[in-house]
Enquirer: 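Could you have a look at this structure, given as structure tokens, before my questions?
It should be emphasised that the depicted structure is a prediction, and the values quoted were computed from it without experimental measurement. Chain identifiers are assigned alphabetically (A, B, ...) following the order of the sequence lines, protein sequences preceding nucleic acid strands; residue numbering begins at 1 within each chain.
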Amino acid sequence: MTKKKNNAISPTRTENYPEWYQQVVKSAELAETSAVRGCMVIKPWGYALWENIQKFLDSKLKETGHVNAYFPLFIPKSYLEKEAEHVDGFAKECAVVTHHRLEEDSKGGLIPAGELEEPLVVRPTSETIIGETYSKWVQSYRDLPILINQWANVVRWEMRTRLFLRTTEFLWQEGHTAHETQEEALDETHKIIRLYKNFLEEYMAIPIIIGEKTENERFPGAMKTLCIEAMMQDGKALQAGTSHFLGQNFSKASNIKFQNREGKNEFAWTTSWGVSTRLIGGLIMTHADDDGMIMPPKLSPNHVVIIPHFRDELYRDKINSYCNEIRMALSKESFGDRKISVLIDSRDINVGEKSWSWIKKGIPLRIEIGPKEIENQSLFVGIRDTMQKKSILKNDFINNISKILEDIQNRMFEKANNFQKLNTKDIKNINDFNNFFNEKNSNGFAWCHFCGDSQLEKKISDDMGVTIRLLPINSSISDNDKCIFTGKKSIGRVLFARSY
RNA sequence: CGGGGCGUAGCGCAGUCUGGUAGCGCGGUUGCUUUGGGAGCAAUAGGUCGGGGGUUCGAAUCCCUCCGCCCCGACCA
């Protein structure tokens with residue numbers, strides 16, 4: 001009857017990983033490129049996923065005492081100039097607004113007019129404008145801490161873009177906090193990176209390694225950058241989120257001063273931290289397979305889709321009411337913090353095509369309903385992550401829905417976790433290191449003792465395209481531990497990988 | 001910014017070398033038949049061939065010019 005392909009996505013992951021990724025984004029209807037170079041349209045299915053990420057992360061941030069606010073999209077150029085390292089880091093990728101009006105030219109086109117006295121930079125991040133604001137809000141130690149988050153868009157004029165992973169405009173949350181003491185700010189930096197790790201592992205089913213960035217990889221202007229790194233299915237690392245201890249660099253630049261408990265003026269200690277729509281790219285590259293997206297149940301826009309099979313017009317009404325009955329019953333059940341979300345797909349298209357469209361979108365469970373199911377009071381259930389299909393008694397399914405979804409969520413994490421473990425090696429000498437990263441398609445994570453020389457780090461990056469993703473936060477080292485490259489004393493076991 | 005390529009129907013492309021009046025596949029619409037893993041048949045709609053200028057009896061095709069996009073390199077969440 002129908003031609004049967006082995007899988008829905010072409011090419012497969014092994015055939016061409018980057019192209020496979022693009023095809024998944026497209027086939028799952030998560031996003032598409034737009035008329036504006038480097039900017040994407042996030043489609044409803046992708047945006048619903050982002051809304052769920054927002055919802056759960058936001059509530060975790062609120063639970064830890066943070067509140068939301070909103071700061072301007074535009075930043076006066078002079079603000080950005082105040083922190084020297086920060087300027088160096090972002091200047092090359094800033095979009096700049098220089099005019100505030102358009103006038104018609106003689107050919108019926110429009111030309112910019114009304115040049116601004118001071119150009120406005122479209123925020124690449126908001127440390128400077130938020131810092132300026134905080135300086136007005138803070139006078140006393142009693143005004144601290146300030147724990148504010150904002151959900152916003154930012155613009156970074158990147159040279160090469162990829163949907164979700166690196167786009168010119170992207171959505172994120174950025175937290176900006178100010179504290180009385182260094183210790184408190186450091187605590188905040190650590191608290192947030194752990195919160196991110198928990199969120200990614202618990203909700204996104206993405207196993208995470210936490211660590212600290214080397215100086216080369218640090219956020220411009222930060223004293224310390226903590227990060228969460230995840231392993232994609234091609235063995236490359238994805239930086240999925242960062243938390244920065246900014247010391248007093250930005251408070252000095254923005255003049256965030258307060259009178260301390262001894263009555264002396266002091267600069268506040270600040271932090272900033274964020275995760276972005278890049279998380280969706282990470283979710284795809286962690287879980288999706290050669291049939292498309294696989295949504296973790298906790299974040300999937302819907303948990304279940306019901307697909308009626310109208311074989312025979314005589315059954316149409318019966319099938320419809322059976323579908324509705326199932327939907328009503330399921331909607332009363334919960335999974336985690338959410339009610340079960342059920343769709344009935346009654347589009348007038350071929351059922352095979354309909355099924356495949358949901359497989360590609362990655363909905364956790366599909367239920368197909370025809371006369372047979374009514375007769376047996378059963379459901380024909382397709383489970384996305386295993387691609388298993390089986391008939392289940394209606395009541396068994398409804399009563400166990402939460403457990404079924406929980407199992408999917410856990411399986412997804414376990415699978416990704418095993419993959420990460422399998423592709424992570426302790427490497428003890430330079431030969432093994434070269435072999436590990438020289439073999440094509442044998443990417444992965446390598447833990448190695450390293451001396452901390454940033455010239456050497458740069459050379460390895462230039463020669464092999466392998467970077468230090470992180471230094472462990474609490475490493476215990478003995479005098480016997482030597483750098484595998486230089487034989488000098490080790491600063492700890494650091495994580496090497498190719499990265500996105 | 002360097003190096004390469006592309007612009008023809010909603011999408012993907014052929015036609016360009018060798019000028020002759022617009023084509024294929026998918027998709028859309030309508031009808032009928034189908035339907036338990038990506039449907040079939042038939043009919044039908046849809047294009048100032050990226051813009052401007054030139055050569056010519058005649059330009060998607062040749063020449064000039066402008067614009068836009070994609071890929072590869074130097075940056076990054």
Enquirer: Quantified in whole Å, what is the C1' atom distance between nucleotide B/G28 and nucleotide B/G20?
Expert: 33 Å

Enquirer: Within the structure shown, what part of the strands sits under 4.0 Å from A/Glu93 by heavy-atom distance: base, sugar-phosphate, or nothing?
Expert: sugar-phosphate

Enquirer: Counting any heavy atom closer than 4.0 Å, what does A/Leu238 reach on the DNA or RNA strands: base, sugar-phosphate only, or nothing?
Expert: nothing

Enquirer: Looking for any heavy atom pair under 4.0 Å, which part of the strands does A/Ser355 touch: base, sugar-phosphate only, or nothing?
Expert: nothing

Enquirer: Whole angstroms only, please: what is the NZ-C1' distance between A/Lys26 and B/G12?
Expert: 8 Å

Enquirer: B/G2 pairs with which nucleotide, Watson-Crick or G-U wobble, both distances below 3.5 Å?
Expert: B/C72

Enquirer: Give me the distance, rounded to whole Å, that separates B/C63 from B/C17 when you measure between the C1' atoms they each carry.
Expert: 15 Å

Enquirer: Taking OP1 and OP2 of B/C72, is either one under 4.0 Å from a side-chain nitrogen or oxygen of A/Arg160?
Expert: yes

Enquirer: Watson-Crick or G-U wobble partner for B/A77, using a 3.5 Å limit on both distances?
Expert: none

Enquirer: Can you tell me if the side-chain N/O atoms of A/Arg278 get under 4.0 Å from OP1 or OP2 in B/C76?
Expert: no

Enquirer: Which part of the nucleic acid, if any, lies within contact of A/Pro18, taking any heavy atom under 4.0 Å across all strands shown: a base, the sugar-phosphate backbone alone, or nothing?
Expert: nothing

Enquirer: Using the six-membered base ring of B/A77, report whether A/Trp172 stacks on it, requiring centroids under 5.5 Å and planes under 30° apart.
Expert: no

Enquirer: By the 4.0 Å heavy-atom rule, please label A/Ile359 as base, sugar-phosphate, or nothing.
Expert: base

Enquirer: Regarding A/Asp463 and A/Lys459, does a basic nitrogen lie under 4.0 Å from an acidic carboxylate oxygen?
Expert: yes

Enquirer: Taking only the C1' atom of each, what is the distance from B/C69 to B/G31 in whole angstrom?
Expert: 41 Å

Enquirer: How long is the line joining CD of A/Glu353 and C1' of B/G27, in whole Å?
Expert: 11 Å

Enquirer: State whether A/Lys55 and A/Glu51 are salt-bridged, where the test is any N-O pair (Lys NZ or Arg NE/NH1/NH2 against Asp/Glu carboxylate O) under 4.0 Å.
Expert: no

Enquirer: Check the distance between B/A77's C1' and A/Trp50's CH2 and give it to me in whole angstrom.
Expert: 11 Å

Enquirer: Give a yes or no on whether a salt bridge exists between A/Glu132 and A/Lys82, defined as a side-chain N under 4.0 angstrom from a carboxylate O.
Expert: yes

Enquirer: Checking only heavy atoms, does the side chain of A/Arg156 share a donor-acceptor pair with the base of B/C76 at less than 3.5 Å?
Expert: no

Enquirer: A/Glu158 has an atom CD; how far is it from atom P of B/C76, in whole Å?
Expert: 8 Å

Enquirer: Looking only at atom C1', what distance separates B/G7 and B/G36, rounded to whole Å?
Expert: 45 Å

Enquirer: Go through B/C76, B/G36, B/A77 for me and flag the one nearest to the A/Thr167 side chain.
Expert: B/A77

Enquirer: Using a heavy-atom cut-off of under 4.0 Å over every strand shown, decide if A/Arg162 touches base, sugar-phosphate, or nothing.
Expert: nothing

Enquirer: Check whether any side-chain N or O of A/Arg123 sits under 3.5 Å from a backbone N or O of A/Pro72 as a donor-acceptor pair, and report yes or no.
Expert: yes

Enquirer: Report the distance from atom CD of A/Glu174 to atom P of B/A77, rounded to the nearest whole Å.
Expert: 13 Å

Enquirer: Are A/Glu212 and A/Arg469 within salt-bridge range, i.e. N to O under 4.0 Å?
Expert: no

Enquirer: Who does B/C57 pair with, Watson-Crick or G-U, both distances under 3.5 Å?
Expert: B/G20

Enquirer: Would you say the ring centers of A/His190 and A/Trp273 fall short of 6.0 Å from each other?
Expert: no

Enquirer: What distance, rounded to whole Å, do you find between the two P atoms, one in B/U48 and one in B/C11?
Expert: 13 Å

Enquirer: To the nearest Å, give me how far apart CD1 (A/Ile349) and P (B/G36) are.
Expert: 13 Å

Enquirer: Could you identify the nucleotide paired to B/U34, looking across every strand shown and requiring Watson-Crick or G-U wobble geometry with both distances under 3.5 Å?
Expert: none

Enquirer: Considering only atom P, compute the distance from B/G58 to B/G40 and round it to an integer number of Å.
Expert: 47 Å

Enquirer: Does a donor on one side chain sit under 3.5 Å from an acceptor on the other, for A/Asn68 and A/Asp58?
Expert: yes

Enquirer: Between B/G36, B/C75, B/A39, which nucleotide has the shortest distance from any of its atoms to the side chain of A/Lys92?
Expert: B/C75

Enquirer: Mind calculating the distance between CG (A/Leu163) and P (B/C70) to the nearest angstrom?
Expert: 11 Å

Enquirer: What distance, rounded to whole Å, do you find between the two C1' atoms, one in B/C13 and one in B/G27?
Expert: 14 Å

Enquirer: When the C1' atoms of B/C75 and B/G23 are compared, how many Å lie between them, rounded to an integer?
Expert: 44 Å

Enquirer: What's the CD-C1' distance between A/Glu217 and B/C76, to the nearest Å?
Expert: 10 Å

Enquirer: When all nucleic acid strands are considered with a 4.0 Å heavy-atom cut-off, which category describes A/Lys354: base, sugar-phosphate, or nothing?
Expert: nothing

Enquirer: Do the numbers put A/Lys361 on top of the ring of A/Trp358, so that NZ or CZ is under 6.0 Å from the six-membered ring centre and no more than 45° off the axis?
Expert: yes

Enquirer: Using both distances under 3.5 Å as the test, list the Watson-Crick or G-U wobble partner of B/U29, or none.
Expert: B/A43

